[in-house]
Each structure stands twice: as C-alpha cells, then as structure tokens.
Amino acid sequence: MDSRNLLRFLFFTFIIALLLLLTLTNIPRPLPLSNDVELPDCATNNRFIKHPSKPKTTTRLHTADVPHHPLDPLTLTELDKVRSILLSNALFQNSKTYALHSVVLEEPDKYVVLTWDHGDALPPRKASVIARVNSETHVLTVDISSGDVIKVDVGEHSGYPTMTMEDMTSSTWAPLANAEFNRTIIARGVDLKDLACLPISLGWFGKSEEGRRLIKVQCYSMEGTANFYMRPIEGLTVVLDMDTKQVVEITDKGKSIPIPKSAGTDYRFSAQSAKINLVNPISIEQPKGPSFTIEDHLVKWANWEFHLKPDPRAGVVISRARVKDPNTGKIRNVMYKGFTSELFVPYMDPTDAWYFKTYMDAGEYGFGLQAMPLDPLNDCPRNAYYMDGVFAAGDGKPYVRSNMVCVYESYAGDIGWRHSESPITGLEIREVRPKVTLVVRMAASVANYDYIVDWEFQADGLIRVKVGLSGILMVKGTSYDNMNQVNQPENLHGTLLSENVVGVIHDHYITFYLDMDVDGSDNSFVKVNIKRETTSPEESPRLSYLKAVRNVVKTEKDAQVKLKLYDPSEYHIVNPSKKTRVGNPVGYKLVPGGTAASLLDLDDPPQKRGAFTNNQIWVTPYNKSEEWAGGLFTYQSHGDDTLAVWSERDRPIENKDIVMWYTLGFHHVPCQEDYPIMPTVSSSFDLKPVNFYESNPILNIPPHFEKELPVCSAAATA
Ligand SMILES: *[C@@H]1O[C@H](CO)[C@@H](O)[C@H](O)[C@H]1NC(C)=O
Ligand SMILES: *[C@@H]1O[C@H](CO)[C@@H](O)[C@H](O)[C@H]1NC(C)=O
C-alpha cells in the first residue's frame, strides 16, 4: 500500500459519510407506537431495531423524505435542488472554483413558526448557504420553490467559514506533494507508509494568519498501533494554504525528541490480550415498547414535545420544547431553541508546535460534521431510536450520516420523589416514584477528542444538558521517560503519562444557546441574589441568616455573570406577565453545574476569539443573526463578531424576547488514567421549572409494581 492509500484509510472517519452514500440499503421507517403488543418475557418491543445484532448495516435511504414541519431540516431532495439551483446561477457558472461550506434550512422567522399549526401549509422552504466562490465568501438564501438566489449582507467580519470535510481530508495529504516534507519525515525515522497527519486550525495571532486560509498539519506514526495520536512526530509543523494546497512553511523543532513507543497504546477490544468481564450483561426491557413517538423530527414523550434535528455545525438542535401542564392540560412553551453554539479548547503550552492549538470545534470543524454514527448497544442502550443527519458535502451533493443522534428512555434507578414516615408519627407511609427520563444523545469525534452531548428531559419539567468528554488526549513527545529526570515539573506543560509522552494541560468550554420562551416570548432575566443579613443584638439570638433578593436585569451588561461561590445567585428566566395562582411570576432557572472559567489574559488572541467564555452566563435580546457565540465566521477570526461584542451594546433585555447563553467549562490536567484513552468525564447544567407549575407536576404518577414489570427469569434469579 502506498502512503496515499494508507492516509485515506486512516481518515476514513472523514469520508465515511461519502462511502455510506454508495452503500445505502433500505430499512423500514419506524412503526407507529403500539401499547398492546404482548411479547415473551424479556423481549423488547423496540420499534426501531428488530435485529440489534446487525445495526451497522441498517442505513436508511432518505430519498422519499418530505418536510412536515417548518423547522424540519433540508431533505435529500431539497439539498439536490439547492445544488442544481446554485450551479445554474451566474455566480457559480462564472467561477473557477467553488465550495459549499454550509447548506442548511433557513429557518422561517420565529413568529411564523410560532403561529404555524399542524395541518397548515409549510412556509416557503429556503436554504441558507455559505459558499466560497473564487476564494470569496458569500452568504446566500436560496428559495427552493422559486429558485431565487439572494445575497445576504452579513457585514464585514474577519474569518472564514467552517472547513468542509474535503478541506480537512485534502489538507492531511497535501504535504506529501512536497519533497522537503517527505525528506523531513524520513529523517525523523518514520516510514511514509506509516504516516498519519491531522489538520489543525491555527487560530489568529496577527499578520501571518491574515489574508489567506491557512491550516497547520502535524503528523504521527501509526506503526504498530491504531492509536497514532500517542506517537507524535513532535515539533514538526507544516503550514499549508488551504485553497492552493501549497506548503507555506515547514518547521521541525523536535529532532532530538524520540517518537513514543506503540506498546500499550491500542484501545481496540480486538487488540487487548487480556479481556476482563467486570459486570454481567445489562439492558432495559420495554415489552410494551417505548413511551415516546417520533414523527419525522417531532418527539413526544410523557408530558414533553419538541422538535429535534441534526445540524452540521451545532450537532443537535432542540426546538419548540413544550410541556403539558397537568393541571390545565395545556401545552406550555419552555424553550424556542437550544443547541451547542461553540466550543473553545485552548492548550496551555506556549511553544512553537503548541501555542496555536486553541480549537473552536463548532465554527472551525463543524460539531455535527464530526458526529460519527453511534454504536448501538454501547453508545446508546438497546432501546434507543436512531436519527440520521442529512448534510451537504463541499460540492453540494447530499449524504447521509446514519445513526447520528439517538433517543431513548433512561431508567438509572433514580428517584423522582419520595417520602417515608418514621414510627414516631404512627403513620406507615412509604411513597416513592421512580425517575424515568428521555435522553437525546450525539457524540462528536473532533479528531482525537470525543464529546458526548445529552439533552435529558424529565417528567417534572427539568431539562438536564450534559457534556461528557472522552477520546484520546492530544499529547506531546518528550525526551523524558521518567519524572526523576525532570527538574521543574511545571515546565512540562502537563503530565508525563508514559515514557516520552506528555499529556498537555488544556481547557474545554462548551457554550450553549438557550432561547427560553417561558409561557411566551417576552421574558425577563432575574438574578435572585442569596445574601447574608446580619441581625441586631435585640432582634434574634442568631447573628446572621440568608435572604433572597430579586434583581430584574435591565440591560445586557448587567446580565454578564461570573459565578461566585461566596456571592451566589439563582438565575431565573421569568415571564413577568404570567403569574401563578398565588402571584409568583412563572419561570425556569438555570442551575449551573461544576464549571471552570478561562484564566487566560483577556488580550490573549485566543481569548479574544473565545471571548464568549469571559462570562459563564450572558443574556442577549433575540436576534436571528446572533446564534454563533464565536461569530458566523470563526476560522482565523479576530474575535470581532463574538457574543462578547454583541453584549457590549448593552441593549435592553427586560420583558423582551431574550436568549440565555451558558458555558460549561473544564480544566484538564491529564493523569495517567487518561492514557491511552480517557474514561469519560462529565459535567452538566439544568433548566429547572421555578414557580412554573402550581405544584409538583408529577404528584399523581404511579409507582412501579412488580406485576407490571418484565420478568427476566434467567437473569433475575442469578
Ligand atoms: C512523498 O511520498 C509520497 C508517498 O511515498 C509520494 O506519493 C509522493 O510522491 C512523495 N512526494 C514527492 C514530492 O516526492
Ligand atoms: C442583530 O445582529 C446583527 C449581527 O450582530 C447586528 O448587526 C444587528 O445590529 C443586530 N440587530 C439588533 C436590533 O440588535
């Protein structure tokens, strides 16, 4: 095999979508939910996977897909139509080169979606297109039925659109056309046939990253392992012009650094010589089938209903999340739209081959583009339903990313609510309700790293958003093979994980866009400050107590929140014109989870680009064109179009249609357990009803009774 073929193999994840296109096979659409089918003990009446042992071949054809909801993503047919409209447009016909960096549904205006009802005609279907034509960026709106193409003025901003998959794959091979590159690799003792290279976004640090689309390429040896990430050719960086594919510069500052060994790096099950069973097989059985339905993109479960769609940039978009009120039976609005707006992952090593590693995974790489097919039974439990992504490649041709999102009911043995009485009262009460939730999951593999994003809906109205980090560390080669050789451990910029391998310290920030519409669009942001009050000597034997002081936030700047343990607040989004029976404004509160804040200098170029992490919470007035926290064009951007810039306008946000932004943060000082692949680390935040209901909304749900549960004789008696 020559190295070109090897690289192709190695980066199969990038082109798997294209391959899948060629291997489409048909499987039936989900059957309607049936509650009265009795199956034998332990069998699962899952509508979706009748034969879970062969899930990987169950790719759905999407040729017959038709949109039924104003927010349904562009179908395969519509994407084809957009492509042919564009190709017959003068802009493209007269072009030497073009690439489509994004083709997605242009969502109708919010009021159109809000007033649309099932059975109504769909508003005109339009595509929002970001194209590079003759090396210039254009934002276009394509009317799919009329064929009109309109140029959209998005203002003057630095930066380039999200890379296409083709940008990324071709960048990894391009250096091989350069003889000096080949010589350098061979001089480092790596056979060209063992070479694996990664396309690394290079951020922006000044003049040298301006005026053209650039990328840095770094390489690894895959000799003796599939985990090439653990075998860096340290210090070797190729700067490439992404448009011409010309090598701009090669730096090799790691000649004295050995390539770490391959032994012990492979993480594949098949590569493990000793396999250990720690627990017995386990799964959830649903003999009566799941309690949710999915019609196209509309999910209904328990008292919830929401629209779910895969998105090439955001990954997963949840829209129109609404919940049925148990008192009135009415469906109430909670959130108009929620998604992962941007990620920011700065590495903490200022040296030549590392300083620029400050990834923005959504805007640069496409968080959804990097979401690979989920692995049934392992990524999601057996009772999961899978949803495909239908996206456009750089040439505009549609492809199917199968099993990109899964939806399943989760019963983790948790408790929804409980109370038992002690004998003191003479009452024999043990009232407990189990907690069953609905999880929407996707997992993006942005090169080495894996992000698992869950939207978990609870029957009590709470939405938990959880991000799990796993995958493989980006490691640095070093000449040290033991800490006894290291004089100043902090100058390693990380932790020695194995001989010649340093796990470099880095942060992860995941910023969520949360357009809350609590019982309507006009909401207010209220900081409920929990303050210590001191008493006067005559007043009470107590010296101090806590008060909750409500501050309705008037403008954007006052809504910039840095979390403080010793000056805490609750963060409510309320509808000031809707009150409960006893007069509290109905609301939802953001409950931050374990979080980390960026400590970088605010003037550090990466932090300027990632300025949306300067605060953990922001609230902005709704603006259709302010969705991407790092700006519409993040690649090589200077930070002139971020959430931080918008928020500085200090617009009024009281009793208005507002958007809340929350950033989950992680500091990651690697440890040896992260080698050669990381056990998942998770963090989450909640959107929790606060005076939204008149009382506990799951008061009258039943407990579990033995007689109603599936009987698994073999396992249950074990
Ligand atoms: C570099 O090596 C690759 C793989 O052997 C080969 O295909 C390519 O032609 C070489 N490049 C040059 C400029 O010699
Ligand atoms: C909406 O957002 C765009 C992009 O940030 C901005 O140019 C425009 O002024 C905003 N409109 C309002 C009313 O804030």
Side-chain angles (χ1 to χ4, degrees), residues 1-11 106-107 109-111 128 130 137 139 141 151-159 161 169-197 217 219-223 228 233 236 238 240 244-250 252 336-337 341-342 363 511 513 515 521-522 554-557 559-560 609 611-612 618-634 637-661:
M1 238 194 295
D2 70 26
S3 66
R4 206 175 165 87
N5 276 333
L6 255 172
L7 280 166
R8 186 200 302 256
F9 164 70
L10 192 56
F11 286 94
E106 177 155 311
E107 291 188 0
D109 283 335
K110 192 166 165 178
Y111 74 89
S128 172
I130 300 177
T137 303
V139 179
T141 296
K151 281 196 191 191
V152 183
D153 180 11
V154 293
E156 279 295 307
H157 299 298
S158 60
T169 3
S170 60
S171 295
T172 62
W173 311 1
L176 286 164
N178 183 291
E180 187 197 341
F181 174 78
N182 282 13
R183 280 197 298 277
T184 312
I185 296 297
I186 293 162
R188 292 293 296 269
V190 175
D191 197 317
L192 286 166
K193 76 171 168 41
D194 293 326
L195 195 65
C197 299
V217 180
C219 302
Y220 301 78
S221 167
M222 57 176 288
E223 187 203 357
F228 59 87
I233 305 173
L236 174 66
V238 180
L240 200 72
T244 64
K245 300 290 178 298
Q246 294 300 304
V247 169
V248 176
E249 194 186 2
I250 300 177
D252 185 8
Y336 182 74
K337 193 172 181 181
S341 174
E342 191 52 275
T511 298
Y513 173 102
D515 179 2
S521 291
D522 286 348
K554 305 270 185 244
T555 63
E556 285 181 287
K557 279 194 196 174
Q560 301 176 355
R609 305 179 63 233
F612 52 91
W618 314 72
V619 179
T620 56
Y622 174 82
N623 179 332
K624 202 179 173 188
S625 42
E626 292 177 352
E627 287 203 322
W628 306 109
L632 181 61
F633 305 130
T634 38
S637 66
H638 307 177
D640 49 346
D641 184 29
T642 68
L643 169 57
V645 173
W646 312 332
S647 169
E648 276 308 297
R649 295 189 196 131
D650 208 20
R651 294 163 288 189
I653 53 169
E654 188 185 356
N655 201 6
K656 292 225 171 334
D657 190 0
I658 52 179
V659 175
M660 179 160 57
W661 307 74

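All of these numbers come straight from a predicted model, not from anything done at the bench. Each ligand, and each atom within it, is numbered from 1 in the order the structure gives.
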query = Polar-atom distance check: Asp641 versus ligand 2, any N or O pair below 3.5 Å?
reply = no

the protein heavy atom lying closest to atom 11 (N) of ligand 2 turns out to be Asn623 ND2, 2.8 Å

Check your understanding: Taking the non-hydrogen atoms of Gly155, is any one of them nearer than 4.0 angstrom to ligand 2?
Key -> no

Consider every N or O of Asn178 and every N or O of ligand 1, then say whether any pair is closer than 3.5 Å.
-> no

Counting only N and O atoms by type, is there a donor-acceptor contact under 3.5 Å from the side chain of Ser158 to the main-chain atoms of His638? yes

Whether Asp522 side chain and Asp657 backbone form a donor-acceptor pair below 3.5 Å | yes

One finds that the ligand 1 atoms under 4.0 Å from a non-hydrogen atom of Leu192 are 2 (O), 5 (O)

Check: Would you find a donor on one side and an acceptor on the other, under 3.5 Å apart, between the side chain of Asp641 and the backbone of Phe633?
Finding: no

Does Ser341 reach the main-chain N or O of Glu627 with its side chain, forming a donor-acceptor pair under 3.5 Å?
yes

In ligand 2, the atoms that come under 4.0 Å of a heavy atom of Trp646 are 5 (O)

Taking only non-hydrogen atoms of Asn182 and a 4.0 Å limit, the atoms of ligand 1 in range are 1 (C), 2 (O), 3 (C), 8 (C), 10 (C), 11 (N), 12 (C), 14 (O)

Notebook entry, point to check: When only distance counts, is Ala179 in polar contact with ligand 1, meaning an N/O pair under 3.5 Å?
Noted result: no

Within 4.0 Å of some non-hydrogen atom of Ala177, the atoms of ligand 1 are 13 (C)

If you scan protein heavy atoms around atom 5 (O) of ligand 2, the nearest is Glu626 OE2, 2.8 Å

Q) If only atom types and distance count, is the side chain of Asp650 paired as donor or acceptor with the main-chain N or O of Lys557 below 3.5 Å? A) yes

Item to complete: Verify the distance criterion only: is there a donor paired with an acceptor across the side chains of Trp661 and Thr620 at less than 3.5 Å?
Response: yes

Heavy-atom closest pair (Glu342 atom, Thr634 atom, distance to 0.1 Å) is OE2-CG2, 3.5 Å

Ranked by distance from atom 14 (O) of ligand 2, the top protein heavy atom is Arg651 NH1, 2.9 Å

side-chain contact (heavy atoms from CB on, under 4.5 Å) between Lys624 and Asp109, intermediate numbers included: CA-CA 8 Å; Lys624 202 179 173 188; Asp109 283 335; 3.3 Å; yes

Note: Arg649, heavy atoms under 4.0 Å from ligand 2, region reported as side chain

